[in-house]
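In what follows, a structure is listed as structure tokens, so that the remarks can point back to it.
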Amino acid sequence: MKIKGVFIILLVSSLVLVSGCIGNNQEGAEYLNEINDYISKMGEIGMEVNSNLQAQVDGNITEDELKTRLENSQKDVQAILSDLKASTPPAGYEEIKAKATEAIQEYNNFLTNYIEFLETGSGLETAINNLEAFTTKIEELRQLITEKA
């Protein structure tokens, strides 16, 4: 799980660099900065989730405390998802919005399935698959943004 958090941090750095390179299309650059803000927030949430998972593994918090913290993180993810869905991309940036939405939805699904795992003991494999799908979609998003640069 920690590897995924590091990956998110690296992605955020590359998104900042890519969005900074697009100076010829002000509206596009502003939208990419908005996407970057969403991904940066996701990176923060991902690090918090990783920290909470590690705290539970280390015995510093109970499963109930972990579940509560994950539910709170999920509320933050859902708020980002809502904001992203409400955003209006400039012409030619619709695919970037769609891919960012798909990625964040996969992370939301990961949290849903991990919380289910804590409650029922099942769903861990599905949660891991969601996390892998999130990682894949983030990489696809990075590639789309690089193509716009």
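Numbers here are sequence positions counted from 1. Predicted model only: the values in this text are computed from it and were never measured.
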Are N36 and I145 side-chain neighbours, meaning at least one heavy-atom pair lies under 4.5 Å? no

Point-to-point distance, once rounded to the nearest 0.5 Å, from CG of L70 to CZ of F110: 7.0 Å

Donor + acceptor pair across side chains of E147, Q143 (<3.5 Å): no

Linked, directly or transitively: L118 and V57 (ILVMFWY side chains, under 4.5 Å): no

Minimum heavy-atom distance K99-K137, with the two atoms named: CG-O, 3.6 Å

Checking T62 against Q56: is there a side-chain donor and acceptor pair closer than 3.5 Å? no

Looking at every non-hydrogen atom in both residues, tell me the closest pair between S87 and P89 and how far apart they are. O-CD, 3.6 Å

Could you go through R142 and E139, starting from their C-alpha distance and side-chain angles, then the distance that decides it, and tell me whether this counts as salt bridge (charged side-chain N to carboxylate O under 4.0 Å, His left out)? CA-CA 5 Å; R142 187 196 63 74; E139 178 57 28; 2.6 Å; yes

So CD1 of I45 and CG of N52: to nearest 0.5 Å the spacing works out to 12.0 Å

If you define the side chain from C-beta out and look only at heavy atoms, does anything of N130 sit under 4.5 Å from Y114? no

Which residues share a ring-ring contact (aromatic ring centres under 6.0 Å, His included) with Y31, sequence neighbours left out: none

N113 and N129, any side-chain heavy atoms less than 4.5 Å apart: no

Would you confirm whether E106, through its side chain, and I104, through its main-chain N or O, come within 3.5 Å as a donor-acceptor pair? no

Give a yes or no on whether the backbone of R69 and the side-chain of S73 come within a donor-acceptor separation of less than 3.5 Å. yes

Just do the side-chain contact (heavy atoms from CB on, under 4.5 Å) check on Q74 and Q78 with the steps written out, would you? CA-CA 6 Å; Q74 187 171 36; Q78 290 169 345; 3.7 Å; yes

Taking it one step at a time, do N72 and D76 satisfy side-chain contact (heavy atoms from CB on, under 4.5 Å)? CA-CA 7 Å; N72 290 336; D76 294 340; 5.7 Å; no

Quick one: CD1 on I61 to CD on Q54, what's the gap to the nearest 0.5 Å? 10.5 Å

Basic-acidic side-chain contact under 4.0 Å: E44, K41: no

Distance, nearest 0.5 Å, that separates OG1 of T101 from CG of N108: 12.0 Å

Atom pair CE/CG of M42 and L84 - distance to nearest 0.5 Å: 10.5 Å

Out of curiosity, L32 CG to I96 CD1, how far, rounded to the nearest 0.5 Å? 5.0 Å

Take a 6.0 Å sphere around CD of E95 and say whether it holds more than 12 heavy atoms from other residues, nucleotides or ligands. no

What residues, two or more places apart in sequence or in another chain, satisfy salt bridge (Lys or Arg N to Asp or Glu O under 4.0 Å) together with E48? none

Could you pull out all residues at least two apart from E119 that satisfy salt bridge (Lys or Arg N to Asp or Glu O under 4.0 Å)? K67

Please walk me through it: do Y107 and L81 pass side-chain contact (heavy atoms from CB on, under 4.5 Å)? CA-CA 10 Å; Y107 199 82; L81 197 54; over 6 Å; no

